[in-house]
Amino acid sequence: MITSTVLRPVDPAHFRAVMRHLPTGVVAICATDPVTGTPSGLVVGSFQSLSLEPALVTFSVTHTSTSWPKISRAQQFSVNLLAEDQQSVCGALSSKSEDKFASINWHESSYGSPHITGSLGWIDCRVEQEIVAGDHLIVIAAVQEMTASDGGDPLVFHGGQLGGFRQRLAA
Ligand SMILES: Cc1cc2nc3c(=O)[nH]c(=O)nc-3n(C[C@H](O)[C@H](O)[C@H](O)COP(=O)(O)O)c2cc1C
């Protein structure tokens, strides 16, 4: 059993061991890099809505991300709410591959960002703030446009594993 003992400083492995009990949704943050004109993207589990009026969203991104600087300079990105059957999309976009989009079907939104086919929803956003917080940046963005698909189940990250919500309920 993992205890709730507070360690100072907190051991990163202990931090991960505790936080793995919290399930998160999985989204792909994507943009068209204005320098190369090619799509760039990464997966985050830290995405959430932040404010209703005005409509704001937030997520955190590690300082070591090589994709975020390309997305940040676009100032414009899409949030793709990944579906349970998009584990391969999650794998591609969380990799360090040179061409993450090689096996991904997508089209460009009216705001110029990639919308990945088969996602549960798409949110076009404009970057408002990037706040340094420890070894991550907190990104705050304004929602420009959002659409949901007709249905389907979300991709969930829990206990160090990717899976579906319903199969976990049944397990
Ligand atoms: C389920 C899941 C959740 C993740 N959540 C985050 C996150 O919230 N923030 C982050 O910076 N990276 C997160 N990552 C890691 C990035 O997707 C990815 O590994 C990394 O950004 C890829 O490298 P690049 O940015 O250099 O292309 C997550 C990965 C997975 C598989």
Side-chain angles (χ1 to χ4, degrees), residues 10 12-51 56-106 113-123 125-141 143 152-169 171:
V10 173
H14 181 60
F15 198 165
R16 282 199 196 94
V18 172
M19 292 309 294
R20 75 199 295 275
H21 294 287
L22 179 69
T24 62
V26 183
V27 308
I29 305 289
C30 302
T32 302
D33 180 349
V35 173
T36 62
T38 57
S40 186
L42 78 158
V43 165
V44 306
S46 50
F47 178 80
Q48 57 183 303
S49 59
L50 176 65
S51 162
L56 299 173
V57 294
T58 186
F59 60 91
S60 60
V61 61
T62 174
H63 288 309
T64 57
S65 170
T66 56
S67 296
W68 176 249
K70 301 174 192 169
I71 298 169
S72 175
R73 65 191 176 205
Q75 287 292 293
Q76 186 77 41
F77 64 84
S78 61
V79 182
N80 297 263
L81 309 182
L82 296 188
E84 178 182 358
D85 61 2
Q86 287 183 305
Q87 288 201 26
S88 62
V89 172
C90 178
L93 293 183
S94 59
S95 74
K96 288 282 183 185
S97 163
E98 283 295 309
D99 187 6
K100 293 187 181 192
F101 284 79
S103 61
I104 295 177
N105 290 321
W106 58 278
S113 300
H115 279 192
I116 297 171
T117 309
S119 301
L120 298 181
W122 303 268
I123 309 172
C125 300
R126 186 188 65 242
V127 175
E128 291 279 311
Q129 283 186 67
E130 293 182 35
I131 303 163
V132 175
D135 56 10
H136 278 58
L137 285 173
I138 299 170
V139 180
I140 297 176
V143 174
D153 286 334
L155 186 59
V156 175
F157 187 67
H158 178 237
Q161 288 187 315
L162 290 167
F165 178 61
R166 286 175 207 269
Q167 82 195 37
R168 288 193 167 272
L169 280 181

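The model shown is predicted, which means the values in this text are computed figures rather than measured ones. All ligand and atom numbering here is 1-based and tracks the order in the structure.
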Practice task
Kindly write out the residues that satisfy ring-ring contact (aromatic ring centres under 6.0 Å, His included) with F59, not counting sequence neighbours, or none if the list is empty.
Solution key: W68, F77
Problem - Neighbour list for ligand 1 [protein residues, heavy atom under 4.0 Å] - result: L42, V43, V44, G45, S46, S60, V61, T62, S65, T66, S67, S94, S95, K96, K100, F157
Problem - Residues which pass salt bridge (Lys or Arg N to Asp or Glu O under 4.0 Å) with E130, listed by chain and number, not counting sequence neighbours - result: none
Problem - Summary of salt bridge (charged side-chain N to carboxylate O under 4.0 Å, His left out) pairs that have at least one residue in residues 56-70, sequence neighbours excluded - result: none
Handout entry: Between T36 and T38, a side-chain donor and acceptor under 3.5 Å
Key = yes
Problem - Q86 side chain vs T117 backbone, donor-acceptor pair below 3.5 Å - result: yes
Handout entry: Donor-acceptor contact present, side-chain S40 to main-chain I71, <3.5 Å
Key = no
